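Just below is one structure, and these are the notes that go with it.
As a basis for the values below, the full set of heavy atoms in this structure was taken, side chains included, without hydrogen atoms, waters or symmetry mates. Just so you know, these numbers come straight off a predicted model, no measurement behind them. Proteins get letters first, then strands, A, B, ... in listed order; numbering begins at 1 in each.
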There are 2 protein chains.
Amino acid sequence: MEDVCAILARNIKAARKRLNLSQEDLAARAEIDRTYVSGIERQVRNPTITVVAKFAEALETTTADLLTDESR
Amino acid sequence: MEDVCAILARNIKAARKRLNLSQEDLAARAEIDRTYVSGIERQVRNPTITVVAKFAEALETTTADLLTDESR
DNA sequence: CTGTGACTAAGAGTCCGTA
DNA sequence: TTACGGACTCTTAGTCACA
């Protein structure tokens, strides 16, 4: 079973690219530090669900979507 | 926009009832502390996504499902 | 534009109990 | 069976300088 952090990292990165945003742009939108965004995409962070919710809003999607394993 | 913790609390409680589990049963299954389960259902906790994943496994569902707002 | 190490404050998560 | 409290440890939140 794949780690939920890996799924989140992949989905955030994909959604970010889709919107043509840099990590910096996303950080600004979500009101999160740039380096924190980096840490999540690199899977060195294990965020709380409220942080994921912030990302979801900034990426114009839902919390559930960011945690959905698209690979199956 | 409704808080993600409220959605989680509602969904966990519903899934737990559906399986006829007590908070203690669920805690044992998910290998999470009994008082922590209580705290999440009362929305006084803001869990990390790995904990939500543990709940999902114990409740025979997915992380995304536990964070899906069924009220819409 | 991104990765990384280091740091403090806050809160996640555990364990003991009581009503 | 659940809510709630105290006390505790350890990780996350959030930020910085630097590569």
From [options], nucleotide with atom closest to [X] side chain:
{"X": "B/Thr35", "options": "D/dC4, C/dG13, D/dG14", "value": "D/dC4"}
{"X": "B/Thr48", "options": "D/dA3, D/dT12, C/dT14", "value": "D/dT12"}
{"X": "B/Arg16", "options": "C/dT14, D/dT2, D/dC18", "value": "D/dT2"}
{"X": "A/Ser38", "options": "C/dT2, D/dT12, C/dT14", "value": "C/dT2"}

Are [X] and [Y] close enough that some pair of their side-chain heavy atoms sits under 4.5 Å apart?
{"X": "B/Leu26", "Y": "B/Ile12", "result": "yes"}
{"X": "B/Gln23", "Y": "B/Arg16", "result": "yes"}
{"X": "B/Asp69", "Y": "B/Arg10", "result": "yes"}

- Describe the nucleic acid contact of A/Asp33 in one word from base, sugar-phosphate, nothing, applying a heavy-atom distance below 4.0 Å.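 A/Asp33: base contact, heavy atoms under 4.0 Å.
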
- Message: Applying a 4.0 Å non-hydrogen cut-off, can you work out what B/Val51 is touching in the nucleic acid: base, sugar-phosphate, or nothing?
- Response: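 Contact class for B/Val51: sugar-phosphate only.
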
- Which of residues 19-26 of chain B have a heavy atom under 4.0 Å from DNA chain C?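 The answer is none.
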
- On a plain distance test, is the side chain of A/Arg34 in donor-acceptor contact with the base of C/dG3 below 3.5 Å?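 Pair found.
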
Length of the [atom1]-[atom2] vector between [X] and [N], whole Å:
{"X": "B/Glu41", "N": "D/dT2", "atom1": "CD", "atom2": "C1'", "value": "9 Å"}
{"X": "B/Arg42", "N": "D/dT1", "atom1": "CZ", "atom2": "P", "value": "17 Å"}
{"X": "B/Ile32", "N": "C/dT14", "atom1": "CD1", "atom2": "P", "value": "7 Å"}
{"X": "A/Phe55", "N": "D/dT12", "atom1": "CZ", "atom2": "P", "value": "15 Å"}
{"X": "B/Arg45", "N": "C/dC15", "atom1": "CZ", "atom2": "C1'", "value": "12 Å"}
{"X": "B/Ile49", "N": "C/dA12", "atom1": "CD1", "atom2": "C1'", "value": "14 Å"}
{"X": "B/Gln43", "N": "D/dA3", "atom1": "CD", "atom2": "C1'", "value": "14 Å"}

- Query: Any Lys/Arg nitrogen of B/Arg18 or B/Glu60 sitting under 4.0 Å from an Asp/Glu carboxylate oxygen of the other?
  - Reply: no

- Query: Is the side chain of A/Arg34 donor-acceptor paired with the backbone N or O of A/Ala27 at a distance under 3.5 Å, no angle test?
  - Reply: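 Judged by distance alone, no pair lies under 3.5 Å.
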
- Task: Check whether any side-chain N or O of B/Arg29 sits under 3.5 Å from a backbone N or O of B/Ala58 as a donor-acceptor pair, and report yes or no.
- Result: yes

- Do the side-chain N or O atoms of B/Asn46 get closer than 4.0 angstrom to the phosphate oxygens (OP1, OP2) of C/dA12? yes

- Query: Are OP1 or OP2 of C/dG13 and a side-chain N or O of B/Tyr36 less than 4.0 angstrom apart?
  - Reply: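 Yes, such a contact exists.
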
- Between B/Lys17 and B/Thr50, who's closer to the 5' end of DNA chain D by nearest nucleotide? B/Lys17

- Taking every non-hydrogen atom, the tightest pair across B/Asn11 and B/Asp65: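 So the minimum-distance heavy-atom pair works out to ND2-O, 3.4 Å.
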
